[in-house]
Amino acid sequence: MKTDFLDEVSRIGLKLEELYYRFGYSKFKMNRFEPYSFYMSNESFLEDNRVITMQSATGKLLALKPDVTMSIVKNHKAYDKSKIYYNEPVFKVPPGESDFREIRQVGLEYIGELSLYQTLEVLNLAIKSLAMIGEFRFVISDMSIVNLLFDEYNINAEDKNAIIRCLRQKNLHDLEKLPQSRIFTKLVQLPADFKEAITVLLEDETYACCKSELDKLMDIAEALVEICDINKVMFDFAHLVGTQYYNGLTFTGYVRGVANKVLSGGRYDNLLRNMGEKTQKAIGFAVYLSEIENTQREVCDKQIIQYTNVVETLKKANELYESGINFCVRKEENDD
């Protein structure tokens, strides 16, 4: 079926769906609503705990879903699939804004035993997704490294929050005032090159407690060199995201001409454990189609039919339609 009648963002959405389907993912359809109590019991995993609510016909309080992944984790057992993709809107207050917005997003989730291959497959699909949109930059980080350092050097909760804030802001001045500052300032000063950044940490005994996780990151870096344009992939601890939601590898995607991130994802085993999945692992990402809506320019590629009379014009229209040609009829103002 032709898709040229769709706007560019919808076409990108369908191309992304095809990409995920061809890699073996199954589409997941869900209700717009979940019980309000479901989100309140998992409130710490929401970026913003404000949700749109309404009362059902039976008196139950419902919420328009502000998050897709939580619904998939809740329902995936009944669906009996480990590789899932979706094309769904969410309704929430975006960071830095003051009102609710409908946000169109396409994404995928893998829930199950997580191998190196499966991790790389998800990263590969995230990179391919960005390439379909435009010139991009893909930034990898890892919350597990920071958490291991917190445990190793007995960082208290207040200082943890301050360190994460400074890492995200690349704020060396304030970071140097905090406990074990040398350990964490080095994370800000790492080279952007993925392999080089991990090599720097592996060669420093200060980070020996993180060796197992760093080795995994090196395996990922070496594989990405072979399967994608590694010059578009960076490693940066300033891009730690969702410290409650994500617990390990995280990644963020940016596209030239778009101010905000257009892709975000990572490992979210913490969410699974909170919802009763003790043994499974999970990784996924979302592409925020709403972020690219204003950057896509529609190109008119329709053939113009000059109106003559009703029958002749419709004959010509039918001819072009049967030939697969897009068209529109132009009628002069003084024509009958």
Side-chain angles (χ1 to χ4, degrees), residues 16 19-20 22-25 82-83 107-133 135-149 152 167 170 183-184 186-242 246-255 261-269 280-287:
L16 292 174
L19 171 65
Y20 309 151
R22 290 179 63 185
F23 269 79
Y25 289 74
S82 61
K83 298 172 71 170
L108 62 80
E109 314 291 347
Y110 175 84
I111 302 172
E113 292 297 322
L114 196 57
S115 64
L116 175 62
Y117 171 79
Q118 198 57 60
T119 300
L120 281 163
E121 181 181 88
V122 171
L123 292 173
N124 178 50
L125 289 169
I127 291 167
K128 284 183 175 297
S129 298
L130 291 169
M132 285 185 176
I133 300 169
E135 186 64 28
F136 70 91
R137 182 164 54 97
F138 188 64
V139 187
I140 293 174
S141 191
D142 197 320
M143 192 63 210
S144 66
I145 305 297
V146 178
N147 284 332
L148 286 167
L149 292 171
E152 179 72 9
L167 288 173
K170 289 185 177 285
I183 297 165
F184 296 102
K186 188 165 185 174
L187 300 184
V188 175
Q189 298 168 323
L190 289 171
D193 181 270
F194 191 1
K195 283 185 68 174
E196 192 177 340
I198 303 307
T199 300
V200 168
L201 295 178
L202 281 169
E203 291 176 350
D204 189 331
E205 284 300 313
T206 307
Y207 305 95
C209 62
C210 309
K211 187 177 186 310
S212 176
E213 295 305 312
L214 290 170
D215 285 341
K216 292 175 187 176
L217 286 172
M218 182 59 80
D219 289 341
I220 291 170
E222 289 176 344
L224 287 178
V225 168
E226 302 296 327
I227 64 176
C228 72
D229 183 354
I230 199 65
N231 294 319
K232 295 181 178 179
V233 179
M234 300 170 55
F235 188 83
D236 192 344
F237 279 107
H239 286 75
L240 294 172
V241 294
Y246 296 109
N247 60 287
L249 182 77
T250 62
F251 44 93
T252 312
Y254 300 89
V255 171
K261 63 186 178 185
V262 300
L263 182 148
S264 183
R267 287 278 300 272
Y268 54 91
D269 305 348
Q280 304 280 33
K281 311 294 183 185
I283 186 170
F285 64 83
V287 178

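Since the structure is predicted, the reported quantities are computational estimates derived from the model, not experimental observations. All residue numbers refer to positions in the sequence shown, counting from 1.
- Under the side chain to side chain donor-acceptor pair (under 3.5 Å) criterion, S144 pairs with D142, sequence neighbours left out.
- Scanning for side chain to side chain donor-acceptor pair (under 3.5 Å) contacts around E196 gives an empty result, with sequence neighbours left out.
- Applying the side-chain contact (heavy atoms from CB on, under 4.5 Å) criterion to A126, with sequence neighbours excluded, gives F138, F251, L263, F285.
- C228 is linked by a side-chain contact (heavy atoms from CB on, under 4.5 Å) to I127, L224, V233, counting only residues two or more places apart in sequence or in another chain.
- In this view, T250 and S141, V241, Y246 satisfy the side-chain contact (heavy atoms from CB on, under 4.5 Å) rule, not counting sequence neighbours.
- The ring pair (Phe, Tyr, Trp, His ring centres under 6.0 Å) test applied to Y254 returns H239, not counting sequence neighbours.
- Within the structure, ring pair (Phe, Tyr, Trp, His ring centres under 6.0 Å) contacts touching residues 189-208 (residues at least two apart or in different chains) are F194-F235.
- Residues that satisfy the salt bridge (charged side-chain N to carboxylate O under 4.0 Å, His left out) test with K128, not counting sequence neighbours, are absent from this structure.
- Every residue two or more places apart in sequence or in another chain was checked for a side chain to side chain donor-acceptor pair (under 3.5 Å) with K232, and none qualifies.
- The minimum heavy-atom distance between L149 and T206, with the atom names listed, is CD2-O, 4.4 Å.
- Considering only residues two or more places apart in sequence or on other chains, V255 meets the side-chain contact (heavy atoms from CB on, under 4.5 Å) condition with L130, I133, F136, V258, V262.
- Under the side chain to side chain donor-acceptor pair (under 3.5 Å) criterion, Y20 pairs with S129, sequence neighbours left out.
- K216 pairs by the salt bridge (charged side-chain N to carboxylate O under 4.0 Å, His left out) definition with E213, not counting sequence neighbours.
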